[in-house]
Amino acid sequence: MQLTHFGAAAGQIEELAATTRRFFELPQEDRLALDNLRSPHFRGYTRLGHEITAGRRDAREQLDFGPEQPMRPRADWDAPYRLLEGPNQWPDSAQPELRTVVLAWMELLSRVATELTHAIAASLGLPEDQFDDAFVDAPHWFGKLIRYVGLDADGLDVQGVGPHADYGFLTLLLQDGAGGLQARPPRMTEWVDIPPIEDALVINVGEMLEVATHGYLVSPVHRVLPCAPGTTRQSIAFFWSPRLDATLRPVPLTPELAAHAPGVTETEYNPVLPRFGDNALKGWFRSHPEVAARHHADLLDSLLIKGGHE
Ligand SMILES: O=C(O)CCC(=O)C(=O)O
Ligand SMILES: [Fe+2]
């Protein structure tokens, strides 16, 4: 689904896109000053080729951020996913306006996502506030500025981002006009293009919504094809996600809907964990193994993390 006219201010989308473009044009040393290898919370800048999806390197670079929180010392953890709480890394000296522009976008999309969440509940015949408890006070949304870079593949089998499902509740994605995003609808084998529509948000179901609807709504596997050598593609993702400690339980469905709710799609490589913090940790450890090994080596064995998605 793609959503237009969702309440962006005049010029807001253009400003966001231009600000993001300027970030990726900063000197490499300014971007590396925010290297996510230094963040135990998986926040900051990931260099080209240092993210792994479906067991392979992605031809993209990115800036990851989330709710600004103090680091929680280990002694205060009730579960390992508390390591995801912490401060962001913003380019405040090299590009001071980025933080403000991006956080205004996150605030807008939090409102849009809340409204969508209410609409989804109503469309399932449930009270609008059905899912509110899972988000109350501390939704663990996160955001990602992404630039895909067309590499001279030299016969290598490159991917923009490899096949995966999003592990939050809903994803709201703004893509530029380059194209390359594809999804595989449930129980189908072919990939379908998700064409760029100007000023539209691509809305994607995340694994937590699949859990909550017992598979009536499916979190589709999607990917981005590599850009042609010498070209780039830009996207800005907002992952609307519950509190880290929220466990999503299947909601009651009418018999008509329940007949189309076969349960959650899991594979050996992708267990879907109903407590959001566990599911998020699975995702971060899998896609940023260098950060995990550097800061959390002792946790690697205890988490259900395997290489790929498929
Ligand atoms: O860049 C895109 O269009 C998709 C990005 C994506 O699927 C992700 O980061 O989870
Ligand atoms: Fe995704």
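Just follow the structure's listing: the first ligand is 1, and inside any ligand the first atom is 1. All values below come from the heavy atoms of this structure, side chains included, with hydrogens, waters and symmetry mates left out.
Between Lys144 and ligand 1, not a single N/O pair is under 3.5 Å apart.
Looking at Asp166 against ligand 1, only its side chain comes within 4.0 Å, counting heavy atoms. Looking at Leu173 against ligand 1, only its side chain comes within 4.0 Å, counting heavy atoms. Using a 4.0 Å cut-off between heavy atoms, Ala237 makes no contact with ligand 1 at all. At a heavy-atom cutoff of 4.0 Å, ligand 1 is contacted by no atom of Glu51, backbone or side chain.
Closest N/O/S atom of Asp166 to the Fe ion (ligand 2): OD1. Per residue His222, closest N, O or S atom to the Fe ion (ligand 2): atom name NE2.
By the 4.0 Å N-to-carboxylate-O rule, Asp64 lies close enough to Lys144 to be salt-bridged with it. Asp92 has a carboxylate O that lies under 4.0 Å from a charged side-chain N of Arg99, or vice versa, which qualifies the two as a salt bridge. For Arg82 and Asp78, the salt-bridge test passes: some basic side-chain N is under 4.0 Å from an acidic carboxylate O.
Close contacts between ligand 1 and His222 involve ligand atoms 7 (O) [criterion: under 4.0 Å to a heavy atom]. Less than 4.0 angstrom separates some heavy atom of Arg60 from each of these atoms of ligand 1: 5 (C), 8 (C), 9 (O).
Between Phe276 and Tyr81, the ring centre distance reaches or exceeds 6.0 Å. Separation of the Tyr167 and Phe142 ring centroids falls under the 6.0 Å cut-off.
Shortest contact from atom 5 (C) of ligand 1 to any protein heavy atom: Tyr148 OH, 3.4 Å. Given atom 10 (O) of ligand 1, the protein heavy atom at minimum distance is His164 NE2, 3.0 Å. Of all protein heavy atoms, the one lying nearest to atom 3 (O) of ligand 1 is Arg233 NH2, 2.8 Å.
The aromatic rings of Phe65 and Trp141 sit perpendicular, their planes meeting at an angle over 60°, well past the 30° parallel limit.
The local environment of CD in Glu68 is crowded, with over 12 non-hydrogen atoms from other residues, nucleotides or ligands closer than 6.0 Å.
Geometric assessment of Arg223 against the ring of Trp191 yields a positive cation-pi assignment under the 6.0 Å and 45° thresholds.
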